[in-house]
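To start, the structure under review is shown below, and the notes come after it.
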Amino acid sequence: MNEVGIIILAAGQGKRMKSSLPKVMHPLCGKPLFFHVLTTARRLKPGKVAIIIGHGAEAVKQAYPNGDVTWVVQEQQLGTGHAVLCAKNSFGEFAGDILILSGDVPLISEPTLNAIIDLHWKQKSSLTFLTASQKGPSGYGRVLRHSDGEIAAIVEERDATDAQRQIEEVNAGVYVVSAALLFSALEKVKNHNNQGEYYLPDIVAIALKQGERVATMKVDDACEMMGINTREELAQMEKTLQERINRKWMDDGVTLKDPSTTYIDDDVVIGNDTVIGPNTHLRGNTVIGKRCQIDGTAYLTDTQIGDEVHVKFSVVMTSSRVAAGAIVGPFAHLRPGSSLGANVHIGNFVETKEATLGENTKANHLAYLGDVTIGRDTNIGAGTIVCNYDGFHKYRTKIGDRVQVGSDSTLVAPISLGDDVYVATATTLRHDIPAGSLAFNERQERVRAGWTEQKREKMKGTQK
Ligand code: UD1
Ligand code: CA
């Protein structure tokens, strides 16, 4: 739609959020608020997208480093009308229509936007805006109509009379306006109102006065136009969007044992026949394969999981990869840079970080595996610690294929164990071990018969 340019309003502070973070940066299902609007806007393939930023401008810009939008800075937030006027220069000679969206109205959908643009074109209007019917609306501008139903103006709630506040048709904050009308009308907007701001909706009355054709379209699903102005609205929106996302995955063949405690971010992908238990959080760009089982109480962030992986109770994984058929948990922690090969087993109380484990390798109990590369078919015994840090630097450990590391061993990095090495239990290793060797520490085992009884006799009566 090359004839359409898009302006997204995102400069406001969001006073009602009481936050140091700009409102449009507050996350909703894993993405900043304005990303949701921007993603939908970009699907329309517009000729140009301009985002008005101001409060926390740098943070907003950094959140979206792609070069395909024009950033317009509104130095002082003097109102939505002033904000749009700031984009005038960046639209230069643009002669088409401009679609205006709010960064704080995240659920507005592509079909609704296509429909309003179509309607605008079909009716050859100069201005078309989206409205919604709400029982007992609060916070929204009200649509004023003449007795014959023709539009008269939009009045903000704060400026409305008691009678006007009873009106249930509200301004959804989405407008399609010809560029020429938009910028000329905005020049005429005054700030003589309760907030002393330049209101964008005032262009409706101005356009009508000029004899321009103004139309409205009613949105079917009122959820779409819900704006976020408070933390409570953010929480409600999170719930609404989460329910949508969960429904989508169930429709696509994923079982959610308890959808009300399953938290899936917007960009997550899940294969069919995967079963997800309660209190599971799938965040960021996490991808889950087919026929996986996630038992519950799992926090998986930016993690890729292959098919038929079993994630047992209480597992945290961040920026990690798990190949098909692996089993992880219960109570396991995969920190960033962990990469598990096919059929790897990671058991209870095992922590990995920057760790690559080859196919079929197992670390089933109580281990720390940091900065390590381990081959295939290797077994890491209970209580194995890779000592990667000497208080100054981190060092790597390399362990070959088919290695047996006995329980309670410590491997002091940097160190390399060749293929087929056997490490005896309770061994501390500080040097490289050649392939095929047995490594152990000399230790004499001693036994003192009757020692316990003697000790107890000696200590009698001294215990507090
Ligand atoms: C606005 C409309 C209201 C409509 C509602 C729909 C105005 C005056 N009112 O009210 O009629 O029912 O949206 O959601 O437009 N912003 C800037 N610069 C500014 C002020 C605001 O960029 O100087 C941005 C905000 O970041 C926000 C958007 O504009 O993304 C809307 O501003 P907000 O203050 O939330 O307007 P509402 O009170 O919701
Ligand atoms: Ca708003």
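Indexing begins at 1, ligand by ligand and atom by atom, following the structure's order. Just so you know, these numbers use all the heavy atoms, side chains as well, and skip hydrogens, waters and symmetry mates.
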(request) Starting from atom 22 (O) of ligand 1, find the nearest protein heavy-atom neighbour and note its residue, name and distance. (result) Ala11 N, 2.9 Å
(message) Test of understanding: given a 4.0 Å heavy-atom threshold, classify the contact between Glu197 and ligand 1 as side chain, backbone, both, or neither.
(response) neither
(message) If you scan the protein for heavy atoms around atom 1 (C) of ligand 1, do you find one that is closer than 4.0 Å?
(response) no
(message) Strictly inside 4.0 angstrom of atom 32 (O) of ligand 1, do you find any protein heavy atom?
(response) yes
(message) So if I count the atoms of ligand 1 from 1 in the order they appear, which ones are less than 4.0 Å from some heavy atom of Ala83?
(response) 17 (C), 18 (N), 22 (O)
(message) Which option wins on minimum heavy-atom distance to atom 28 (C) of ligand 1: Ala10, Ser102, Cys86?
(response) Ser102
(message) Restricting to non-hydrogen atoms, name the atom on Leu9 and the atom on Ala83 that form the minimum distance, rounded to 0.1 Å.
(response) CD2-CB, 3.7 Å
(request) Enumerate the atoms of ligand 1 whose separation from the nearest heavy atom of Gly103 is less than 4.0 angstrom. (result) 30 (O)
(message) Below 4.0 angstrom, counting only protein heavy atoms, does anything approach atom 13 (O) of ligand 1?
(response) no
(request) Nearest heavy atom to atom 34 (O) of ligand 1 wins, so pick from Arg16, Lys15, Arg158. (result) Arg16
(message) I need the nearest protein heavy-atom contact for atom 21 (C) of ligand 1: residue, atom name and distance, please.
(response) Thr80 CG2, 3.7 Å
(message) If the cut-off is 4.0 Å to any non-hydrogen atom of Pro201, which atoms of ligand 1 fall inside it?
(response) 7 (C), 8 (C), 9 (N), 11 (O), 15 (O)
(message) Among all the protein's non-hydrogen atoms, which is closest to atom 9 (N) of ligand 1, and how far away is it?
(response) Glu156 OE1, 2.9 Å
(message) Heavy-atom pairs closer than 4.0 Å: do any link ligand 1 to the side chain of Asn229, the backbone, both, or neither?
(response) side chain
(message) Distance under 4.0 Å to a non-hydrogen atom of Asp104: what atoms of ligand 1 satisfy this?
(response) 27 (C), 30 (O), 35 (O)
(request) For ligand 1, note which part of His55 has a heavy atom under 4.0 Å away: side chain, backbone, both or neither. (result) neither
(request) May I ask you to list the atoms of ligand 1 that are less than 4.0 angstrom from any heavy atom of Gly141? (result) 3 (C), 4 (C), 11 (O), 12 (O)
(message) Using a 3.5 Å cut-off on N or O atoms only, is Ile52 in polar contact with ligand 1?
(response) no
(message) To check your reading of the model: name the closest protein heavy atom to atom 6 (C) of ligand 1, its residue, and the distance in Å.
(response) Asn171 O, 3.5 Å
(message) Quick check on Gly227 - does any of its heavy atoms sit under 4.0 Å from an atom of ligand 1?
(response) no
(request) Find all atoms of ligand 1 within a distance of less than 4.0 Å from any non-hydrogen atom belonging to Gln74, and give their numbers and elements. (result) 17 (C), 18 (N), 19 (C), 22 (O), 23 (O)
(message) Checking side chain to side chain contact (heavy atoms under 4.5 Å, CB included) between Ile288 and each of Val309, Leu300, Thr303, Val254, which is the one that passes?
(response) Leu300
(request) Quick one: look up the protein heavy atom nearest atom 25 (C) of ligand 1 and list residue, atom name and how far away it is. (result) Gly12 N, 3.7 Å
